[in-house]
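Report on the following structure.
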Amino acid sequence: MGTRNSRLGGFYQLNPFERLQAVKAFDGLNDEDLRQLHGGNGALTVERADKMIENVVGTFNLPLGIATNFQINGRDVLIPMGVEEPSIVAGASYAARLVREGGGFHASTTEPLMIGQIQLVNITDPQRARFDILANRDEILAMANNQSNSLVSLGGGAKDVEVRIFETSPMGPMMVVHLIIDCRDAMGANAINSMAEAVAPRLEAISGGRAYLRILSNLSDRRLARARATVPAKALERDGIRGEDVVEGILWAYSFAAVDPYRATTHNKGILNGIDPVLIATGNDWRAIEAGAHAYAARSGHYTSLTAWERDAHGNLIGTIEMPLAVGIVGGATKVHPAAQTSLKLLNVKSASELAEICVCAGLASNLAAMRALATEGIQRGHMGLHARQIAMAAGAHGNEIDQVAQRMVAEKQIKPARAEALLAELRIIPTQN
Ligand SMILES: CC(C)(COP(=O)([O-])OP(=O)([O-])OC[C@H]1O[C@@H](n2cnc3c(N)ncnc32)[C@H](O)[C@@H]1OP(=O)([O-])[O-])[C@@H](O)C(=O)NCCC(=O)NCCSC(=O)C[C@@](C)(O)CC(=O)[O-]
Ligand SMILES: NC(=O)C1=CN([C@@H]2O[C@H](COP(=O)(O)OP(=O)(O)OC[C@H]3O[C@@H](n4cnc5c(N)ncnc54)[C@H](OP(=O)(O)O)[C@@H]3O)[C@@H](O)[C@H]2O)C=CC1
């Protein structure tokens, strides 16, 4: 067993090999696990990829970083993040360090209940049909649960039936039946779709209508994850700016997102900056979470922030987040992609709910990092300082040239492709002149 202390100050100053050793010391991962994280022989092979999707010609790599400093429900966690954008991993680690000073994140989830929808049309007497479908609830649930080999024995499966009537639509009236399904540790899409397709003929017979769509809803608003964090005002003190003033700035940043959908969209993008990379690293479906997150943000009819920020009686900053988070630790690609398996092992989660809790904490942390930067020095110093290396590489820099060009651009505060090209040309001329 490793040290299990995720407070790894200066982790970023190590090289990738040294970082892997620190991860190994944290968790006691074995060498095979490390190879999978590192992308060596254990990583996704073309042969395996060819069995995952269609028309495969290769694999597409992304950087895998480790966010440090997270403490969630009293447990230290190192969070793997697969992402192409610089400063996300740094920002999340920084914010987790700040939250750690306030006692870490507190997270929870609702039951993993999802919705399967069956669309019924051409029903002459919808009120009678609704009554009869509900009267046959137990039979419908039993038919749905016949589709599952293990969900029911694990305490999950189809739990309830609901009926909604739409008086009008572009094609006329329709009825939508919801199957409420407890998906346990699976994201559940395939399980739900099988159940929805299985019960549709019976629903047609009861209602006298015709079933068209039979599919899950990605607005999984019965499967919510929540987290709360406290940041002592003192922890936010920096470069001569008082912590109280940083709190004030962050609260104005939040207020902007709360009232203005143009700002809320960017604010929520900053939250998903923390969540999507964890979904990718663990082989989860990030399109499903993105769709659910934005729909949930608009549930009142006004698109708004997925987080809320306030000040407590002592002047400390309090942040909360609540959003749908349908993730799995079984099913989909979670058990197929070798690095996803290792990421789940590193996270040491025993249930899909625990993974969802980690995801919302990463989202809350990313939101805090972005707002702190935006409300103080601006986003460009931290973000562009780290993005400078990508600009240097895009300009053609290799090896040592990358850091040399990036450092010059940061020092000059001119982080631009044209400047990178000029500096690179300069760097390449100097050695030949000597
Ligand atoms: C980038 C930092 C953290 C630098 O911040 P800094 O002040 O230069 O950092 P520091 O040197 O004081 O170090 C503080 C901690 O940050 C971490 N850290 C520091 N440097 C590194 C690094 N190189 N690599 C990895 N981690 C790093 C590390 O955890 C370190 O502590 P330690 O644990 O070592 O004791 C800060 O400027 C920041 O948080 N910026 C915001 C980053 C961010 O939000 N990026 C997202 C991209 S922009 C975007 O897409 C979203 C947005 C902004 O539009 C959303 C919105 O509008 O709301
Ligand atoms: N709109 C969307 O979001 C859609 C998404 N998808 C894709 O569907 C995939 C996810 O579907 P999902 O149904 O989760 O995956 P799978 O069908 O791969 O796996 C889920 C199944 O695993 C079995 N199982 C074994 N142990 C457990 C456990 N502890 N908890 C829960 N189930 C367990 C259950 O089957 P059993 O009970 O039979 O043993 C369950 O139905 C993702 O790849 C997603 O991209 C697909 C269609 C639409």
Side-chain angles (χ1 to χ4, degrees), residues 6-14 19 52-53 65-70 83 85-98 100 112 114 145-157 181-195 215-220 238-239 250 253-254 256-257 263-274 279 283-292 305 307 326-336 350-352 365-387 389:
S6 67
R7 176 71 195 100
L8 298 175
F11 181 75
Y12 67 91
Q13 285 154 332
L14 306 174
R19 290 187 198 123
M52 288 176 71
I53 63 158
I66 301 285
T68 55
N69 305 329
F70 277 82
V83 66
E85 188 180 355
S87 87
I88 287 179
V89 179
S93 303
Y94 186 15
R97 191 180 101 179
L98 296 171
R100 203 179 174 91
M114 301 281 287
N145 284 327
N146 259 340
Q147 298 299 308
S148 153
N149 297 324
S150 53
L151 265 184
V152 176
S153 62
L154 291 165
I181 302 165
D182 182 327
C183 295
R184 294 287 91 194
D185 292 321
M187 180 270 193
N190 294 323
I192 299 163
N193 298 344
S194 305
M195 290 187 184
I215 187 82
L216 82 153
S217 169
N218 286 115
L219 177 50
S220 48
R238 245 192 109 150
D239 304 327
I250 290 174
Y254 160 62
F256 188 178
R263 172 59 205 152
T265 307
T266 323
H267 177 95
N268 288 342
K269 187 272 184 186
I271 294 169
L272 290 156
N273 269 346
L279 302 174
N284 271 284
D285 183 339
W286 70 94
R287 287 89 53 209
I289 301 297
E290 286 270 347
S305 167
T307 56
V327 288
I329 60 167
V330 300
T334 59
K335 288 217 161 148
V336 179
K350 303 283 181 287
S351 66
S366 293
N367 184 218
L368 171 62
M371 286 200 306
R372 189 209 60 84
L374 288 167
T376 56
E377 62 191 13
I379 199 72
Q380 291 302 69
R381 185 194 65 82
H383 177 66
M384 289 307 277
L386 293 169
H387 186 52
R389 294 179 300 190

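These values consider heavy atoms only, across backbone and side chains, with no hydrogens, waters or symmetry-generated copies. For the single chain, residues carry numbers from 1 onward in sequence order. Read the numbers this way: they start at 1 and go in the same order the structure lists the ligands and their atoms.
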List every atom of ligand 1 that sits less than 4.0 Å from any heavy atom of Ala369, numbering the atoms from 1 in the order shown and giving each element. 39 (O), 41 (C)

With side chain to side chain contact (heavy atoms under 4.5 Å, CB included) as the criterion, how do Ile181 and Met195 come out once you've worked through the C-alpha distance, each side chain's angles and the decisive distance to 0.1 Å? CA-CA 9 Å; Ile181 302 165; Met195 290 187 184; 3.7 Å; yes

Looking at Asn218, which atoms of ligand 2 are within less than 4.0 Å of one of its heavy atoms? 1 (N), 2 (C), 3 (O)

Can you list the atoms of ligand 2 that are under 4.0 Å from a heavy atom of Leu216? 1 (N), 2 (C), 4 (C), 48 (C)

Would you mind running through ligand 2 and noting each atom that sits below 4.0 Å from a heavy atom of Val330? 27 (C), 28 (C), 30 (N), 31 (C), 32 (N), 33 (C)

Would Arg381 count as a polar contact of ligand 1, with the cut-off being nitrogen or oxygen pairs under 3.5 Å? yes

heavy-atom search around atom 34 (O) of ligand 1 in the protein gives Gly10 N, 2.8 Å

Taking heavy atoms and a distance under 4.0 Å, where does Met371 meet ligand 1: side chain, backbone, both or neither? neither

For Ala288, atoms of ligand 2 separated by under 4.0 Å from a heavy atom: 3 (O)

So which bit of Asn367 gets within less than 4.0 Å of ligand 1, heavy atoms only: side chain, backbone, both or neither? neither

Honestly, for Thr266 the part within reach of ligand 1 (heavy atoms, under 4.0 Å) is both

Is_contact(atom 47 (C) of ligand 2), protein non-hydrogen, under 4.0 Å: yes

Ligand 2 atoms in contact with Gly331 (distance to a heavy atom under 4.0 Å): 15 (O), 16 (P), 18 (O), 19 (O)

In ligand 1, which numbered atoms sit nearer than 4.0 Å to a non-hydrogen atom of Leu374? 56 (C), 57 (O), 58 (O)

Have a look at Leu154, Asn190, Thr334 and point out the one with the heavy atom closest to atom 9 (C) of ligand 2. Asn190

Within 4.0 Å of some non-hydrogen atom of Gly9, the atoms of ligand 1 are 32 (P), 33 (O), 34 (O), 35 (O)

Which of the atoms in ligand 1, numbered in the order shown and given with their element, are less than 4.0 Å from a heavy-atom of Leu386? 1 (C), 23 (N)

Examine the proximity of ligand 2 to Asp285 and report which part, side chain or backbone, both or neither, has a heavy atom under 4.0 Å away. side chain

Considering only heavy atoms, which of Met384, Arg372, Glu85 lies nearest to atom 38 (C) of ligand 1? Arg372

Nitrogen or oxygen atoms of Asn69 and ligand 1 under 3.5 Å apart: yes

In the protein, which heavy atom is nearest to atom 25 (C) of ligand 1, and how far is it? Tyr12 CB, 3.2 Å

Check each atom of ligand 2 against the heavy atoms of Cys183 and keep those under 4.0 Å away; list them by number with element. 30 (N), 31 (C)

When you look for heavy atoms under 4.0 Å from ligand 1, do you find them on the side chain of Val89, its backbone, both, or neither? neither

Which ligand 2 atoms are under 4.0 Å away from a heavy-atom of Ala186? 14 (O), 20 (C), 30 (N), 31 (C), 32 (N)

Nearest non-hydrogen contact to atom 4 (C) of ligand 2 from the set Gly332, Ala189, Ser351 belongs to Ala189

Which of the listed options, Ala333, Pro112, Ser150, Ala352, holds the heavy atom that is closest to atom 34 (C) of ligand 2? Ser150

Kindly identify the option in Arg263, Arg238, His267, Arg97 whose heavy atom sits closest to atom 9 (O) of ligand 1. Arg238

Test item, Gly328 contacting ligand 2 (heavy atom, 4.0 angstrom): no

Does ligand 2 have a heavy atom under 4.0 Å from the side chain of Ile192, from its backbone, from both, or from neither? neither

Relative to ligand 2, is Val152 under 4.0 angstrom through side chain, backbone, both or neither, heavy atoms considered? neither

Proximal atoms of ligand 2 relative to Ser148 (non-hydrogen, under 4.0 Å): 37 (O), 38 (O)

Test of understanding: given a 4.0 Å heavy-atom threshold, classify the contact between Ala191 and ligand 2 as side chain, backbone, both, or neither. both

Which protein heavy atom lies closest to atom 50 (O) of ligand 1, and at what distance to 0.1 Å? Lys269 NZ, 2.8 Å

